[in-house]
Amino acid sequence: MLFVHSARPPIVEIDSESGGVYVRFSDKAVAKTIERQSDGPIITVDVDREGEVVGIESLCFTEFSLSQILRQASVRADRVDLSKARFRPAASSRSAAAA
């Protein structure tokens with residue numbers, strides 16, 4: 001089990017073309033990416049040098065909830081108010097829309 005130590009609500013970046021979702025809890029540099037086993041979507045967890053969760057990437061979603069992504073990633077975010085998460089298009093989606 002990995003933990004989110006920050007209480008900051010996440011920024012959720014959605015790429016509707018690929019079904020990708022990135023739940024960002026921190027702006028720290030990623031030191032390691034951990035792949036999680038899942039029967040459904042592909043899930044990876046980015047952690048910093050101290051082992052704290054920076055973000056969770058999920059691929060192949062048609063619909064999702066934040067609690068579902070956390071559960072499938074084996075990540076606990078007890079101090080985070082998920083209802084205050086901010087949602088936005090992923091950078092690749094924003095670039096395609098501007099073209």
Are [Y] and [X] linked, directly or through intermediate hydrophobic residues, by side-chain heavy-atom contacts shorter than 4.5 Å (ILVMFWY only)?
{"X": "I11", "Y": "I43", "result": "no"}
{"X": "V80", "Y": "Y22", "result": "no"}
{"X": "L70", "Y": "F64", "result": "yes"}

| query | Does a salt bridge link D27 with R8, judged by any charged N lying under 4.0 Å from a carboxylate O? | reply | yes
Report all side-chain donor-acceptor pairs from residues 50-59 shorter than 3.5 Å, counting only partners two or more places apart or in another chain.
none

Between [X] and [Y], what is the shortest heavy-atom contact and its length?
{"X": "P9", "Y": "A85", "value": "CB-N, 4.1 Å"}
{"X": "R24", "Y": "S26", "value": "CG-O, 3.3 Å"}
{"X": "R36", "Y": "S74", "value": "NH2-O, 3.6 Å"}

| note | Given the options L66, V12, V23, I69, L82 meets side-chain contact (heavy atoms from CB on, under 4.5 Å) only with L66
| Name the one of I34, L2, V47 that satisfies side-chain contact (heavy atoms from CB on, under 4.5 Å) with V75? | L2
| message | Any heavy-atom pair between the side chains of F25 and S6 that's under 4.5 Å? | response | no
| K28 side, atom NZ; D46 side, atom CG - distance, nearest 0.5 Å | 14.0 Å
| message | To the nearest 0.5 Å, what is the distance between CD on E13 and CZ on R86? | response | 10.0 Å
